[in-house]
Number of protein chains: 2
Amino acid sequence: MRKSTLEEVAAAAGVSKMTASRALRGTSDVSKETREKVLQAAERLNYVGNRLALSLSSQRTNLVAVVVPSMSNIVFPEVLAGISAGLEGSGMQAVFGISDYDAAKEREIIRDMLSWQPSAIIVTGLDQPEDTVRMLKNATIPIIQIMDLDGEPVDFNVGLSHGKAGEDMARALIAAGRRRFGYVGSALELDLRAGKRKAGFERVLGKSGLAFMQSQIDDAFSSVALGKQLTRAALAAMPDLDCLYYSNDDMATGGLFACMELGVAVPGKILIAGFNGLDLANALPVRIATSRSPRHLIGEVAAKLARDVVADGKTIDRKRIAFTPEIIGIGPFENSTG
Amino acid sequence: MRKSTLEEVAAAAGVSKMTASRALRGTSDVSKETREKVLQAAERLNYVGNRLALSLSSQRTNLVAVVVPSMSNIVFPEVLAGISAGLEGSGMQAVFGISDYDAAKEREIIRDMLSWQPSAIIVTGLDQPEDTVRMLKNATIPIIQIMDLDGEPVDFNVGLSHGKAGEDMARALIAAGRRRFGYVGSALELDLRAGKRKAGFERVLGKSGLAFMQSQIDDAFSSVALGKQLTRAALAAMPDLDCLYYSNDDMATGGLFACMELGVAVPGKILIAGFNGLDLANALPVRIATSRSPRHLIGEVAAKLARDVVADGKTIDRKRIAFTPEIIGIGPFENSTG
DNA sequence: GATGTTATCGATACCGGTATCGGTAACAAG
DNA sequence: CTTGTTACCGATACCGGTATCGATAACATC
């Protein structure tokens, strides 16, 4: 039982290849009876069109290439789900690639993606090396860089400023009365956005004459377990901190658990602040502070952007779509009931 | 700056299309100087091959289609990461689709995937409707069904028995002295594997003359928040339970948080049991019971299987690869220190 | 009857690569 | 000098669809 081709369907229906093609696509210029014959023949032969031939012939793929750095944290899957949702009903298909936070791997994945002639490409971040950017530009398709706004976009840009997110969080925590800050993070040389948040946070601390009094940073990727471990180390080194800023909510959650195990009151003694606004963070038995990043929405908006740009080459003037994460979970200092 | 074709590269290098093709692919029958000329021309023109043409012409795509039901839980992203890792270095590329636990949508996604002429397809679960199965079979490519083993596979099968996982957990909990069981779950009519675990659990309860004394099931998808909410309801309805079985670790984590907030000792008064063995579950301040499902590994093994089958049509005799989840986090009843 | 018009269909030329086979030049062997 | 042999390269025919243009038949209009 070989895969049947349009030619075979046409033969079975007693018409030409071209007529069969028209009938199956539902374009005009086909009589009702002929269409019916072709449809039945296709059904009978279990015909499944060959997208390769279609795309090669018609010069459009309806493919959107997407490159994300990781799958081991819920953040990027949520972005992908958003993209998938945003593409729904458009006839466009997302193709995902994972770069593992590796620039060389990212370049190869992008090259590979581009060879499929996608109609648009969505990549994470703004910090691709020059040769990758050149390759992207050369593809002459819409390039949508997501998540980050701190840098020079190649084309379209959907996301938020992580530098500003760090700054805002620092301001909010200082306003809430915190003064003795510590930092817990991981893989900062890979997760550039986490680094930008930290830098923003430190800028504001500096302006207030403050600084991180303690800092625990590991090379491994973020996880709840790692957050727990590093928090223990931070508190051992400097027990009288009153606030810990984390590279993200996973780490912060680990931090909270460490505090619970050590009997350290949260947020009474220590305020714990993360980033992302994961559902998990909201369900925790003790509230931690976090910035809600609209991950699903960013994916959805990027996908819609891709649709719009591809649909009718109508010039989109809003090249940059910025979101501002809402900060939640900070009460006044006295509010503590940890 | 249009996308350049092989033809143009060949012209720039002063050779024929065919020679350029050979040079770029590094096949034999090309002199060193010619190869060099072509490579330079390709570099100069920023040539990126057209995979559509390549695949159409050569009749192979090196594409592996993957269909998973969801992205809103870390489980499937981990499977995808495993597949991605398992495919690494093989020149094969995974293409993902999300079915949202919807059989009709799954069928359309599979049809769409098949139209790209993948070399193999990996789908989640064994419970596809008949027409979907027919379509799969008709594609005449290796079909790898993953995650579940409870049912009749179409072709290859990699996963674990969820029925048995439920049974094993029930036996372990009974052995640990628990008798007054409750169940908390969600979206069971969609997440069939969760349903199979519940059914297995109930089979063992029945054999011991036991049954769920309380059950809270919601239509929404699983989340920590939902687990928390339903656990509150379960405990309100029947406060003297000594064990709660959850549809998965996310729900169970919510259950633990609910207990912590209510001041219910875990596992002293109530033992909480989930499924998956998420990293989160291991980092919790209080240990909960769970079955460790090898998600990444299942993806990796499925990918390797796809590689092997596609590589050389060598007949793989092991059509079924079974994993048994390890149960962790159950101490004897007296062990309680909640 | 000649001429449009409309509806329906097919022939042909691509799309951008690869497979296949054959051709040419250079050199060695007889 | 003829004949192999080897190394290198190109012409041509596909792969399975779609775009484009033209052909045909039926029918209405003048």
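Residue numbers begin at 1 in each chain, while the letters A, B, ... track the order of the sequences.
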* Asked: Does atom CD of B/E130 have more than 12 heavy-atom neighbours, drawn from other residues, nucleotides or ligands, at distances under 6.0 Å?
  -> no
* Asked: Should the ring pair A/F96 and B/F96 be called parallel, tilted or perpendicular, given that the plane angle runs from 0 to 90° and is split at 30 and 60?
  -> tilted
* Atom pair distance, as rounded to whole Å: CD in A/E33 and P in D/dA25 -> 18 Å
* **For A/K196, the option from A/D191, A/D127, A/D150 that meets salt bridge (charged side-chain N to carboxylate O under 4.0 Å, His left out)** => A/D127
* To do: Whole angstrom is fine here: how far is it from CH2 in A/W116 over to P in C/dG16?
  => 16 Å
* Asked: Taking the nucleotide of DNA chain C with the closest heavy atom to each, which residue, A/K32 or B/V48, is nearer the 5' end?
  -> A/K32
* A/K105 bridged to B/E88 by N-O distance under 4.0 Å -> yes
* Cationic N near anionic O, under 4.0 Å, B/K304 to B/E300 -> yes
* Does C/dG10 have OP1 or OP2 sitting under 4.0 Å from an N or O in the side chain of A/T19? -> yes
* Quick one: bend of the helix from C/dG1-D/dC30 to C/dG30-D/dC1 from 5 pairs per end, to 10°? -> 70°
* Tell me: CD of B/E36 to C1' of D/dC8, nearest whole Å? -> 17 Å
* Short side-chain N/O contact from B/R60 to OP1 or OP2 of C/dA19, under 4.0 Å -> yes
* How close or far is atom C1' of D/dT18 from atom CG of A/N62, stated in whole angstroms? -> 14 Å
* Asked: Does anything in residues 49-59 of chain B reach DNA chain D, meaning a heavy atom under 4.0 Å, and if so which residues?
  -> B/L56, B/S57, B/Q59
* Asked: Which whole-number value in Å describes the distance from A/L6 CG to C/dA11 P?
  -> 14 Å
* Asked: Is any side-chain N or O of A/Y47 closer than 4.0 Å to OP1 or OP2 of D/dG16?
  -> no
* **SB check A/R111 A/E108 (cutoff 4.0 Å)** => yes
* In whole Å, what is the span from the CG atom of A/D29 to the P atom of D/dG22? -> 15 Å
* To do: Using a strict cut-off of less than 4.0 Å between a Lys/Arg side-chain nitrogen and an Asp/Glu carboxylate oxygen, indicate whether B/D155 and B/K319 qualify as a salt bridge.
  => yes
* To do: For C/dT18, take OP1 and OP2 only and decide whether either is under 4.0 Å from a side-chain N or O of B/R25.
  => yes
* Asked: Between D/dG16, D/dA11, C/dG17, which nucleotide gets closest to the side-chain atoms of B/M18?
  -> D/dA11
* Structure fact -> Whole-Å distance, A/R22 CZ to D/dG22 C1', equals 11 Å
* Could a donor-acceptor pair under 3.5 angstrom be found where the side chain of B/K17 meets the base of C/dG17? -> yes
* Between B/R25 and B/T27, do the side chains contain an N or O donor and an N or O acceptor separated by less than 3.5 Å? -> no
* Which atom pair, heavy atoms only, marks the closest approach of A/T61 to A/S55? -> CA-OG, 3.6 Å
* Structure fact -> note: A/L24, atom CG; D/dT18, atom P; distance rounded to Å ~ 8 Å
* **Heavy-atom closest contact (A/P69 atom, A/T124 atom, distance)** => CD-OG1, 3.6 Å
